[in-house]
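Sequence positions, counted from 1, serve as the residue numbers for this chain.
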Amino acid sequence: MSTGSARSSRSSRVARLEAVSLGEPDAAVVVHFALQRDVGAQHVEHRRGEGRTETASSGDVGVVRAAGDVPVMVDNTFATPVLQQPLALGATLSVHSATKFMGGHGDLMGGVVACDEAWASRLRQVRAITGALLSPSNAYGLHRGLQTLPIRVKAQQEGARAVAEWLLTRGEVDAVMWPGLPQFDADGVAARQMAGPGSVLAFGMAGGFDAAAAVTSACRVIVHAVSLGGVDTLMQHPAALTHRPVEGDAKPSQSVLRLSVGLEDPADLIADLSQAFDAVQQRG
């Protein structure tokens, strides 16, 4: 999305904060510093369990206050409106990859922007020029997905809770990252700002890259794929897939696996992970 039209005196650059924790005391200072670089919008994300540095939030760190008259854009894909409403926290724009939770079935591509009428009018002009329109089939799929969104999000979240708590008991796992765990949300910001931690988690295999890669191959129910938010549980190994060409200091640990929990019975997911761990151990 081009943000150059936000203010004529600003460039079209978007300042993205990748290293500000939600509860960091001087986060607003960091935001203020970032906005000195002549940007048209401030992009932030909510807390999530992906095995990488957490990003800023529009709430407790005072990002909205620090941004002043610079529009604040929040990527709310992982939380969905069910778990977090950025506009109620003062954000200007809330954006979603509708391909994920909103569609919910892994069979459409689309995006959604939530904003006030003034911004919607401006974005419609951009849409008319760029032709960024949903196809009829994608629009139908998104309408279908929205009808069950609250039910799916809450059920997937409970599945993630069961899997995360089980992973904590396994010796093969040296870290579990999910906002619903007290140790992951030690400052309590996610609990205050969100209605729930969501259904995407990450965990690190003690055996490193090879163990993580072996787990993805050994799973029988969980699918090794990049997307997230659908009814099917998907696992991806970032170091071997999406982040393979990324510079070392910008990628997650080689041992991290991301899990997007779907609507399968959590007991089936745990059994699948258990047999995968056992298979890895047997291979030595």
Sorted by chain and number, sequence neighbours left out, salt bridge (Lys or Arg N to Asp or Glu O under 4.0 Å) with Asp278 holds for Arg170
Value for NZ (Lys154) from CG (Leu83), rounded to nearest 0.5 Å, stands at 8.5 Å
Original post:
Got a donor-acceptor contact below 3.5 angstrom from the Gln156 side chain to the Val261 backbone?
Top reply: yes
In short, ring pair (Phe, Tyr, Trp, His ring centres under 6.0 Å) pairs touching residues 248-283 with sequence neighbours left out are Trp166-Phe277
Using 4.0 Å as the upper bound for N to carboxylate O, is an ion pair formed by Glu117 and Arg122? no
Rounding to 0.5 Å, atoms CE (Met235) and CG (Leu273) come to a distance of 5.0 Å
The salt bridge (Lys or Arg N to Asp or Glu O under 4.0 Å) partners of Asp107 (sequence neighbours excluded) come to Arg144
**Asked** Can you list the steps and then say if Phe203 with Arg258 is a side-chain contact (heavy atoms from CB on, under 4.5 Å)?
**Response** CA-CA 7 Å; Phe203 59 96; Arg258 187 184 75 182; over 6 Å; no
- Query: Is the shortest heavy-atom distance from the side chain of Asp210 to the side chain of Met205 under 4.5 Å?
  - Reply: no
Here the pair of heavy atoms bringing Ala98 nearest to Val112 is CB-CG2, 4.0 Å
Q. Are side-chain heavy atoms of Trp178 and Asp185 found at a separation under 4.5 Å?
A. no
Interatomic distance, CG@Asp116 vs CG@Leu87, rounded to 0.5 Å, equals 8.0 Å
Donor-acceptor pair, Glu158 side chain versus Ala155 backbone, under 3.5 Å? no
So if you build clusters from Ile, Leu, Val, Met, Phe, Trp, Tyr with side-chain heavy-atom gaps below 4.5 Å, do Leu181 and Val173 land together?
yes
Quick note, ring pair (Phe, Tyr, Trp, His ring centres under 6.0 Å) partners involving residues 134-162, not counting sequence neighbours, are none
Between the CG atom in Leu201 and the CG atom in Leu259, the distance rounded to the nearest 0.5 Å is 5.0 Å
### Message
Does Leu168, at its CG atom, have more than 12 non-hydrogen atoms belonging to other residues, nucleotides or ligands within less than 6.0 Å?
### Response
yes
Closest non-hydrogen contact found for Val256 with Ala202 is CG1-CB, 4.1 Å
Original post:
Are the side chain of Ser135 and the backbone N or O of Asn138 linked by a donor-acceptor pair below 3.5 Å?
Top reply: yes
Scanning both residues in full, the closest heavy-atom pair of Ala79 with Met194 reads CB-CE, 3.8 Å
Quiz item: Any donor-acceptor pair under 3.5 Å linking the side chain of Thr233 with the backbone of Gly262?
Solution: yes
With sequence neighbours left out, the residues meeting salt bridge (Lys or Arg N to Asp or Glu O under 4.0 Å) with Glu264 are none
The reported gap from NE2 in His96 to OG1 in Thr80 (rounded to nearest 0.5 angstrom) is 7.5 Å
For residues 211-229, tabulate all N or O donor-acceptor pairs below 3.5 Å that involve a side-chain atom, not counting sequence neighbours.
from	atom 1	to	atom 2	distance (Å)
Thr216	OG1	Ala213	O	2.6
Ser217	OG	Ala213	O	3.3

**Message:** Keeping Thr77 on the side-chain end and Ser97 on the backbone end, is there a donor-acceptor pair under 3.5 Å?
**Reply:** yes
**Study point:** Linked, directly or transitively: Ile270 and Leu234 (ILVMFWY side chains, under 4.5 Å)
**Key:** no
_Do Leu263 and Phe101 sit in one hydrophobic cluster, given that two such residues count as connected whenever their side-chain heavy atoms are within less than 4.5 Å of each other, even indirectly?_
no
On a heavy-atom basis, the closest approach of His105 and Gly103 is ND1-O, 3.0 Å
So CD of Gln147 and CG of Leu149: to nearest 0.5 Å the spacing works out to 11.0 Å
Kindly determine whether Lys100 and Phe78 satisfy side-chain contact (heavy atoms from CB on, under 4.5 Å), including the steps that lead there.
-> CA-CA 8 Å; Lys100 311 302 193 303; Phe78 279 61; over 6 Å; no
Practice prompt. Look at the side chain of Asn76 and the backbone N and O of Gln85, then say whether any donor-acceptor pair between them is shorter than 3.5 Å.
Written response: no
(request) Evaluate the criterion side-chain contact (heavy atoms from CB on, under 4.5 Å) for residue pair Met73 and Thr92; output intermediate values, then yes/no. (result) CA-CA 6 Å; Met73 177 172 59; Thr92 312; over 6 Å; no
Practice problem: Go through Leu123 and Cys115 one step at a time and tell me if the side-chain contact (heavy atoms from CB on, under 4.5 Å) criterion holds. | Solution: CA-CA 10 Å; Leu123 292 173; Cys115 56; 4.0 Å; yes
- Got a donor-acceptor contact below 3.5 angstrom from the Arg124 side chain to the Trp119 backbone? no
Tightest non-hydrogen contact, residues Ser253 and Ala239, listed as O-CB, 4.5 Å
Nearest heavy-atom contact between Ser199 and Ala160 is CA-CB, 3.6 Å
Below 4.5 Å, heavy atoms only, C-beta onward: do Arg161 and Pro197 meet side chain to side chain?
-> yes
